[in-house]
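Below: the structure, in C-alpha cells.
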Amino acid sequence: MKTVVLLVALSCSAGHVLAQNPVPTPPIQIKLALLAAPEGKMDDATVYGYSDQKELILLRKGTGELICVSDDPSQPGFSVACYHRDLQNFMQRGRELRKQGKKTEEIFALREKEVKSGKLIMPKAPASLFVYSADQKDYNSTTGEIRNGYLRSVIYIPYATEETTGLPLKPQAPGMPWIMHPGTHGAHIMINPK
C-alpha cells in the first residue's frame, strides 16, 4: 500500500514539474522568442519574456513592427510567438482573460463582443502571427536549445469569410492555407507546413 501511495505522489509531483519550466535568463528568452520571427525582422523586434516570478515583462524595446513573446514557463511544452504590433491589444486582452481563469471559448466570445462594441480594436489590414513550438522533451530552458521545432503562420483578417478570401474551411493538402473562424473578429488564415 505504501508503494502505491508513493508512486501516486511521485506521479503527481513529476506532472507538476514537467508543466513548469525554469525561467531562462533574459538573453536566452530573447534568443528563443526570436525563433518565431522571419529573417530580417529579428533585430528590431520588441521582445517580452518572463520575470523570476513568471510575470510577463518587457525584455527589449524594438523599433520594428513585430512583437515577440518568449515561452511561458508555467505552461508545458515550448511555444514562442511573434505578431504584428497592430495585434497587440487583441493579444494582450487574451492574456488578461486567461489570467482571470477564462477558458478558450469564453475568451473568444468576450473578445468578439468587445470588438463589436468598439472596446477592442482589431487591425484594419491583414496582420501576421508566427508561432514556433516544440515538445517538452526537445526544449532545454537552461541552454536555449530546441530540437524538432515547428513554425506555423497565421494571418488575421477580421470578419473575412470563405467567400471573401476564396479559401477552404479546412486544409485540402499539407501546407495549404485555410480560413479559421470565418465571419468573426478572429477570422484568420492558417498556414501549417508539413
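By convention here, the first residue in the shown sequence is residue 1. These numbers were taken from a predicted model, which means no experiment stands behind them. Note: hydrogens, waters and symmetry copies are ignored here, and every other heavy atom, side chains too, is used.
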### Message
Taking Glu106 first and then Arg98, would you say they form a salt bridge - that is, a charged N and a carboxylate O separated by under 4.0 Å?
### Response
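Salt bridge between Glu106 and Arg98, a charged N being under 4.0 Å from a carboxylate O: no.
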
#### Entry: SB check Glu162 Lys170 (cutoff 4.0 Å)
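Not counted as a salt bridge, because no side-chain N and carboxylate O are separated by less than 4.0 Å.
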
Just by modelled atom types, is the [Y] backbone N or O under 3.5 Å from a matching donor or acceptor in the [X] side chain?
{"X": "Asp71", "Y": "Ser79", "result": "yes"}
{"X": "Arg111", "Y": "Gly186", "result": "no"}
{"X": "Arg60", "Y": "Ala45", "result": "yes"}
{"X": "Asn140", "Y": "Thr143", "result": "yes"}
{"X": "Gln88", "Y": "Arg85", "result": "no"}
{"X": "Ser70", "Y": "Gly49", "result": "no"}

### Query
Taking all non-hydrogen atoms of both residues, which atom of Leu129 and which atom of Tyr83 are closest, and how far apart?
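Minimum heavy-atom separation between Leu129 and Tyr83: CD1-CB, 3.8 Å.
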
### Task
Could you tell me which non-hydrogen atom of Cys82 sits nearest to which non-hydrogen atom of Ala37, and how far apart they are?
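Shortest heavy-atom contact: SG-N, 3.6 Å.
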
### Query
Heavy atoms, side chains only, cut-off 4.5 Å: are Leu32 and Tyr139 in contact?
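Counting from C-beta outward, Leu32 and Tyr139 do come under 4.5 Å.
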
### Asp135 CG to Arg147 CZ distance, which is reported to the nearest 0.5 Å
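Asp135 CG to Arg147 CZ: 10.0 Å, rounded to 0.5 Å.
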
### Task
Measure the spacing between OG1 of Thr104 and NZ of Lys102 and express it to the nearest 0.5 Å.
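Spacing of OG1 (Thr104) from NZ (Lys102) equals 13.0 Å.
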
#### Entry: Proximity of Phe90 and Tyr156 rings by center, below 6.0 Å
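Judged by ring-centre distance (under 6.0 Å), Phe90 and Tyr156 do meet the cut-off.
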
### Query
So, Glu163 and Thr161: side-chain donor and acceptor under 3.5 Å apart, yes or no?
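Judged by distance alone, the side chains do pair up.
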
### Query
After noting the C-alpha distance and the side-chain angles of Met91 and Arg93, does the key distance pass the side chain to side chain contact (heavy atoms under 4.5 Å, CB included) rule?
CA-CA 5 Å; Met91 297 297 180; Arg93 186 63 177 138; over 6 Å; no

#### Entry: Candidate pair Val47 and Gln29, rule side chain to side chain contact (heavy atoms under 4.5 Å, CB included), full reasoning
CA-CA 9 Å; Val47 180; Gln29 288 189 69; 6.0 Å; no

### Task
Take Phe108 and His185 through the side chain to side chain contact (heavy atoms under 4.5 Å, CB included) test and state the conclusion after the steps.
CA-CA 9 Å; Phe108 189 90; His185 77 284; 3.8 Å; yes

